[in-house]
Number of protein chains: 2
Amino acid sequence: MNMEPIKQRYSRQRETILQVVQSTLVHPNADWVYKETRKIIPNISLGTVYRNLNQLVESGRILKLKDEAMVRYDGNTGQHDHFRCSKCGKWYDVELIDQSIFKSFAEKHDFQIESFNLELEGTCKNCLDS
Amino acid sequence: MNMEPIKQRYSRQRETILQVVQSTLVHPNADWVYKETRKIIPNISLGTVYRNLNQLVESGRILKLKDEAMVRYDGNTGQHDHFRCSKCGKWYDVELIDQSIFKSFAEKHDFQIESFNLELEGTCKNCLDS
DNA sequence: AAGTTAATAGTAATAGTTACTGTTATGTTT
DNA sequence: AAACATAACAGTAACTATTACTATTAACTT
Ligand SMILES: [Mn+2]
Ligand SMILES: [Mn+2]
Ligand SMILES: [Zn+2]
Ligand SMILES: [Zn+2]
């Protein structure tokens, strides 16, 4: 009798990477995750970080965000929007904007709209003050 | 007496690149623009295309869009939003969503919000039919 | 016409990411 | 518990989009 083939095995590397991403609010890129994870697993390979980040995205355990010419990751998988400071490049969470207008918007189109992604940009409090 | 220094000189390359971007609805990437422009200026360099696309963005004559791991350009500088098909990767223009909710949203934050960018994603009519 | 320098073609370099390869380790089957 | 199958690994090479460099050309100024 054939069992379902194994889809994913446990690895200390993957669990550590997940914890690293989940433990921060900075919405890090792969290199940041690599450097942080190396503090725990000093000989981990950058390729391993990329491969596992992609897997974690695919399995829905983290989110993938597009920055300028770079990918960022988010351990917060709850629904929320983002604000990006164009001065310092930092990403901030903001509460999800009311989706109702989007739904009525979707009805007007013959596209099958699956997701609305709102990106806010401007200058953050920190950069305004200094 | 000193005149203002010249900021930008005319170049056939730049004007052709602008016309190429303005003449299409495909929201092309640099390579597409390069190939199209080569039909008119066969020996144009890819570096020239990149440099001029960046200048045209800076001077506000075209728009810059972020795709998955690539930049796209838009000759339509009027206010509008975009829908991206996750199946075929094509970008479509959609009318600008009502901005009023965004404005009230902005008032709730201590960020200085300068732009709202709405990205719609899903499956386009073409891909649904086939 | 001579001078200044923006813009160019062509090419090298960079940065982020993915692919490859031989080895290790996780989970399964006997 | 031993043998097995293969997911995952570390290390490294390759790839892709973009930018930087350099010697030459051409747009504008005087
Ligand atoms: Mn977030
Ligand atoms: Mn458009
Ligand atoms: Zn800032
Ligand atoms: Zn499509």
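So you know, we letter chains A, B, ... as the sequences are listed, proteins then strands, and number each from 1.
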So with a 6.0 Å cut-off around CG of A:Leu128, is the heavy-atom count from everything else above 12? yes
Verify whether one side chain among A:Asp74 and A:Trp91 offers a donor that lies under 3.5 Å from an acceptor in the other. no
Mind checking the CG-CG spacing from B:Leu46 to B:Asp31? Nearest 0.5 Å is all I need. 6.5 Å
Does OP1 or OP2 of D:dA7 have a side-chain N or O of A:Ser11 closer than 4.0 Å? no
ring-ring contact (aromatic ring centres under 6.0 Å, His included) partners of residues 13-43 of chain B, not counting sequence neighbours, each pair once: B:His27-B:His82
Can you check the A:Asn52 CG to D:dA7 C1' distance for me, whole Å? 11 Å
Rounded to whole angstrom units, what separation is found between the CD atom of A:Glu58 and the P atom of D:dA8? 11 Å
Which angle, rounded to 10°, do you find between the first-five-pair axis and the last-five-pair axis of the helix from C:dA1-D:dT30 to C:dT30-D:dA1? 30°
Note: A:Ile17 and A:Val33 closest approach over all heavy atoms is CG2-CG1, 4.0 Å
Phosphate OP1/OP2 of C:dA9: any B:Gln13 side-chain N/O under 4.0 Å: yes
With salt bridge (charged side-chain N to carboxylate O under 4.0 Å, His left out) as the test, would you mind laying out the steps for B:Glu95 and A:Lys108 before giving the verdict? CA-CA 11 Å; B:Glu95 75 273 26; A:Lys108 288 189 292 187; 3.5 Å; yes
Between P on C:dG16 and NZ on B:Lys66, what's the gap in Å once rounded to a whole number? 15 Å
Check whether more than 12 heavy atoms from other residues, nucleotides or ligands sit under 6.0 Å from atom NZ of A:Lys90, and answer yes or no. no
Checking side-chain polar atoms at under 3.5 Å, does B:Asn29 have a donor or acceptor matched by the opposite partner on B:Arg72? no
Given atom CD1 of A:Ile44 and atom P of D:dG11, what is their separation to the nearest angstrom? 10 Å
Report the distance from atom CD1 of A:Ile41 to atom C1' of D:dA8, rounded to the nearest whole Å. 12 Å
For A:Tyr73 against A:Ala30, the heavy-atom pair lying closest together: CE1-N, 4.2 Å
For B:Glu15 and C:dT8, what is the distance between atoms CD and C1' respectively, to the nearest whole Å? 15 Å
Check whether any side-chain heavy atom of A:Lys64 sits under 4.5 Å from a side-chain heavy atom of A:Asn54, and report yes or no. yes
Protein-nucleotides 21-24 of chain C N/O pairs under 3.5 Å:
none

Side chain to side chain, A:Ile97 and A:Phe116, heavy atoms closer than 4.5 Å: no
Closest approach of A:Phe111 and B:Cys124, non-hydrogen atoms and distance? CD2-CA, 4.0 Å
Testing the basics here: between A:Gln22 and A:Arg61, what is the closest heavy-atom pair and its distance to 0.1 Å? NE2-O, 4.4 Å
Can you tell which of D:dC9, C:dA9, C:dA7 lies closest to the side chain of A:Thr48? D:dC9
What integer distance in Å separates B:Asn43:CG from D:dA26:C1'? 14 Å
Nearest whole Å is fine: how far is C:dA6 P from B:Gln8 CD? 11 Å
Polar-atom pairs under 3.5 Å, protein N or O versus N or O of nucleotides 3-6 of chain D: list them with distances, or write none.
residue : atom : partner : partner atom : Å
D:dT6   : O2   : A:Arg9  : NH1          : 2.8
D:dT6   : O2   : A:Arg9  : NH2          : 3.3

Would you give a per-nucleotide map of nucleotides 15-22 of chain D, 5' to 3', where B means the base has a protein non-hydrogen atom under 4.0 Å away, S means only the sugar-phosphate does, and - means neither? --SBB---
Under a 4.0 Å heavy-atom cutoff, the residues of residues 83-91 of chain B touching DNA chain D are none
For B:Cys85 and B:Thr123, work out which heavy atoms get closest and say how close. SG-CA, 3.9 Å
What are the two closest non-hydrogen atoms of A:Cys127 and A:Lys87, and how far apart are they? SG-CB, 3.7 Å
Any B:Ile41 side-chain heavy atom under 4.5 Å of B:Arg12 side chain: yes
If you assign B:Tyr10 and B:Ser45 each to the DNA chain C nucleotide with the nearest heavy atom, which residue ends up on the more 5' nucleotide? B:Tyr10
Side-chain donor-acceptor pair present, A:Gln13, A:Glu15, cut-off under 3.5 Å: no
